[in-house]
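Only heavy atoms go into these numbers, but all of them, side chains included; no hydrogens, no water, no symmetry mates. Just so you know, ligand 1 is whichever comes first in the structure, and atom 1 is the first atom listed for that ligand.
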Amino acid sequence: MKIPMSSPDLTDADRQAVIDVINTPNLSMGQRILDFEQIFCQQTGRKHAIGVNSGTAGLHLCVRAAGIGPGDLVITTPFSFVSSSNVLLFENAVPVFVDVDPCTGNIDPELVADAARNIEKYLPRRFDYGSRYGRKTPPTRPSAQRGQLKAILPVDVFGQPADMDPINVIAREHGLTVIEDSCEALGAEYKGRPAGTLGDYGVFAFYPNKQITTGEGGMVVTDDDQAADFIRSLRNQGRAVGDTWLQHTHLGYNYRLDEMSAALGMAQMRRLDELLAKREQVAAWYEARLSEIPGVEVPIVESYTTRMSWFVYVVRFDARIDRDALAKRLEEMDVPARPYFLPIHLQPYMVERFGWREDDFPVTNDLGRRGLALPFSGVMTEEQVEYVCRSIREALSAA
Ligand SMILES: Cc1ncc(COP(=O)(O)O)c(C=O)c1O
C-alpha cells in the first residue's frame, strides 16, 4: 500500500470552479478574489481580508505594515517553518528566539514576558549578514546601532493556537505589535475565538497540504483600516488607493493571488467544516491506535484550544528510539514520514548570521529531535491509518 504524505481534498465542484474562471477573460484581480476575501471576513469576524499568493507573502506584508525595519527586534519561536523568521530577515530585522512549551510546541508566554523585560539576555550572539548568500556589502545597520523591540510573532503550530491571552498582555505592556502566524491553523479556535484574530494581524496559508488549498496562496486578516490599505497596495506593486495602473506610491511586490486560485479557495472555504471534520476523524483513528504503542507520544490538545484544526499529525518518540532510523525503515515500507520541524535556529544560514547553537533552545531541540510527521490528510482512509500504525509497530519491534 503506497500512502502519500499529504493529499488535497478536492471535489468535482471545486475543480469546476477553476474551469469556470479559465473560461472568462478575467484571470487576475476580478470578482473571485473579492469573494474569497469576503468569506474570510465572515469566517474570522475581521474587518479586512487581503488575499496574497503565499503565506510567506502575507507575513512579509504584515512585517512591512508594522514598520519593522533593519536591526529591529521581534520576539518569535525557533520551532516553526522557516518562513515565520525569514520574513524578518527580508527586512534585515532580527528574530529574537525564545523557547517553546514542551506539550504544544507553541511559544512559551512566560519566556516571551521575560524576553520583553530583559531583551539583552535573549539577543543572538552576533548579527552578521555574511557574504555567502550574495550580500557583499556591510550590514545596513551594524549591531551597535540596534533597532527597537517592535513586535511579537507567535505561530499556531500544527493547527493549535498559541496561548495568545498572556502574549497580548505583554504586547500591550510594551507597546508591541502582534503578528499571529496562523498559516497552519485555519479554523482553529482559542477560548472560542478564531485563530488568526488573536493579534493585530493574522495570516493563513493554502499550500496543498493545508486545511484548504488554492495551490499556492495566503490571506492576511486585520481590523486596522490603514494597515489594510497599505497591505493591499504593497501586494499590488505599491499602487495606492487612487493611483493609476502605472503609478506606484510605495515600493511594492507582486504578491497578488490569481482568480483561478481564489475560485478554488472559495469552493474549499464553503466546505471548511466538512474538511476539518474529516481531518479530525483521521487524527482520532491515529490516536486510538498509536496511544497504545509504548515509546510513542501522540499530540496533546490544550484545554484553551476549543477547536483544533488538524494540519499535520506529528508524534514524538521516546528519546531512546532512533527516530531517523525508524523513518528510514518506514520509508522502505512505503510509509513516508518527515522530521518536523527541524528548528529554525539550526538552519545553516541562521547559524551563520546569528551564531545560534543547538543547546540555546533545549525544548525546541528536543521536539525537533523526537518529532515525526506521519502521512496525513482528510482523504486518508481508516485502512491507510491502520497500515501506517502497523508499520510503526513492526519497525519499532524490528529495532
Ligand atoms: C508556520 C508557517 N508559517 C508560514 C508558512 C508559509 O506559507 P507558504 O508556504 O504559503 O508561503 C507555512 C507553510 O507551510 C507555515 O507552516
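Under the 4.5 Å side-chain criterion, counting only non-hydrogen atoms from C-beta, Glu189 is not in contact with Pro161.
If you look at Phe311 and Phe158, their ring centroids are not closer than 6.0 Å.
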Show me the donor-acceptor pairs, under 3.5 Å and distance only, between side chains in residues 336-344 and residues at least two apart or in other chains.
unit_1: Tyr340; atom_1: OH; unit_2: Glu184; atom_2: OE2; d: 3.2

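Formation of a donor-acceptor pair under 3.5 Å by the Tyr190 side chain with backbone atoms of Asp165 is found in this model.
Both tests hold for Arg239 against Trp245: distance to the six-membered ring centre under 6.0 Å, angle to the ring axis within 45°.
A donor-acceptor pair shorter than 3.5 Å cannot be found between the side chains of Gln16 and Asp12.
Each of Ser54, Gly55, Thr56, Leu59, Ser80, Phe81, Ser83, Val155, Asp181, Cys183, Glu184, Ala205, Lys210, Gly217 has a non-hydrogen atom positioned under 4.0 Å from some atom of ligand 1.
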